[in-house]
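Read the structure below first, then the notes.
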2 protein chains.
Amino acid sequence: MNDATTAVAGCVSLAAPALSNEEAEATARLFAALGDPARVKIVNLLATNREPVCVCNLTRPLGLAQPTVSHHMKKLVEAGLLDREQRGKWAFFSLNHEAVSKLAGLIDLEGGSQ
Amino acid sequence: MNDATTAVAGCVSLAAPALSNEEAEATARLFAALGDPARVKIVNLLATNREPVCVCNLTRPLGLAQPTVSHHMKKLVEAGLLDREQRGKWAFFSLNHEAVSKLAGLIDLEGGSQ
DNA sequence: CATTCATATCGACCGTTGTCGATGTATCGA
DNA sequence: TCGATACATCGACAACGGTCGATATGAATG
């Protein structure tokens, strides 16, 4: 999922002249994707491990049931922060580094468009 | 409010080796502070206008009632993203650029601690 | 001191969201 | 084909959060 349906696709820098309602909502959705401790840990695991991770390897370190983990993965994919790849029975999730870079750029008020 | 009670004080980079529960919760609280369109707009206004803003000047551009705006300002102050200064009757809010810089650093997975 | 104004807090309402068990779907192996 | 595995979806429940009107606090003003 790297298309226009992701939140990151509709985001503009926080230093942009005047955010529209749609831009503010998309930006809020992107930040809200990281507004849960479990999802922060998921992104942290993917950022440090480098290799894609499947759901079954996340339930134990997160201490959450499998449906809950799937729920969080879906949120992160919809935000555009994670990519999903199906390999047989397994669904492998990896960081979308382009989206992460764009997120970092949103907050850069000095070197941004200010 | 720039003390240890703010969310930004307990945050660690998303590229840090292994986030504790407390670090993940603090990071999530910081991101959640920007997980609402109204608060995104508030930060955007403060980032572009440079000058501090009081609540009475935000109700009209946001289209929200005064208690709602105060609620959002409190969330942003608790997160550490905004500073509050009382001048007579008015409460002036301004961006905490140190916190914004730290937030941008949290997401920088390349130049960070990875 | 009374009034006005700016802001915070309270209480209530209600939509959203995190959580899990149960179930459905699809794939792989025996 | 059958059973096991991995994952998504569904339904339900509880907790959280955004919103507003009413009210409280506190400061300037006359």
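Worth knowing before you read on, the calculation uses all heavy atoms, side chains too, and leaves out hydrogens, waters and symmetry mates. Each chain gets a letter, A, B and so on, in the order its sequence line appears, and its residues count up from 1.
For the pair A:Glu85 CD and D:dA6 P, the interatomic distance rounds to 17 Å; values are reported in whole Å. Atom NZ in B:Lys74 sits about 16 Å away from atom P in D:dT19, given to the nearest Å. Following rounding to the nearest Å, B:Leu58 (CG) and D:dT19 (C1') show an atom-to-atom distance of 16 Å. Rounded to whole angstrom, the span from the CD atom of A:Gln86 across to the P atom of D:dC7 amounts to 8 Å.
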All N/O pairs under 3.5 Å across the protein-nucleotides 20-26 of chain D interface:
| residue | atom | partner | partner atom | Å |
| --- | --- | --- | --- | --- |
| D:dC20 | OP2 | B:Ala65 | N | 3.0 |
| D:dC20 | OP2 | B:Thr68 | OG1 | 2.8 |

Using nucleotides 15-17 of chain D, report all nitrogen or oxygen pairs with the protein that are shorter than 3.5 Å.
none

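Atom-to-atom distance recorded for B:Asn96:CG and B:Leu46:CG is 11.5 Å, nearest 0.5 angstrom. Distance check, rounded to the nearest 0.5 Å: NE2 of A:His71 to CG of A:Asp36 gives 7.5 Å. A distance of 14.0 Å separates NZ in A:Lys75 from OG in A:Ser70, rounded to the nearest 0.5 Å. Taking CZ of B:Arg84 as the reference point, atom CD of B:Gln86 lies at 4.5 Å (rounded to 0.5 Å).
At the heavy-atom level, B:Phe93 lies under 4.0 Å from the strands shown only through sugar-phosphate atoms.
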Pair A:Lys41, B:Asn21 - check side-chain contact (heavy atoms from CB on, under 4.5 Å), show working. CA-CA 9 Å; A:Lys41 282 195 172 184; B:Asn21 288 339; 2.3 Å; yes
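In terms of phosphate contacts, A:Arg84 brings a side-chain nitrogen or oxygen within less than 4.0 Å of OP1 or OP2 of D:dA8.
Between A:Gly35 and A:Trp90, the residue anchored nearer the 5' end of DNA chain C, judged by the nucleotide with its closest heavy atom, is A:Gly35.
The footprint of chain B on DNA chain C, defined by a heavy-atom cutoff below 4.0 Å, extends from C:dC5 to C:dT9.
Counted within 6.0 Å of CD on B:Glu51, heavy atoms from surrounding residues, nucleotides or ligands total 12 or fewer; the atom is thus considered open.
Taking hydrophobic clusters as Ile, Leu, Val, Met, Phe, Trp and Tyr residues chained together by side-chain heavy-atom distances below 4.5 Å, A:Phe31 shares a cluster with B:Val8. Hydrophobic cluster membership is shared by A:Val43 and A:Leu62, with clusters built from Ile, Leu, Val, Met, Phe, Trp and Tyr side chains linked at under 4.5 angstrom. By the criterion of side-chain heavy atoms lying less than 4.5 angstrom apart, applied directly or through intervening Ile, Leu, Val, Met, Phe, Trp or Tyr residues, A:Val12 is not grouped with B:Ile42; the two fall into different hydrophobic clusters.
Under the side-chain contact (heavy atoms from CB on, under 4.5 Å) rule, A:Phe93 has a single partner from A:Asp83, A:Leu81, A:Val55, which is A:Val55.
Within the 3.5 Å criterion, the main-chain N or O of A:Ala16 finds a donor-acceptor partner in the side chain of B:Asn44.
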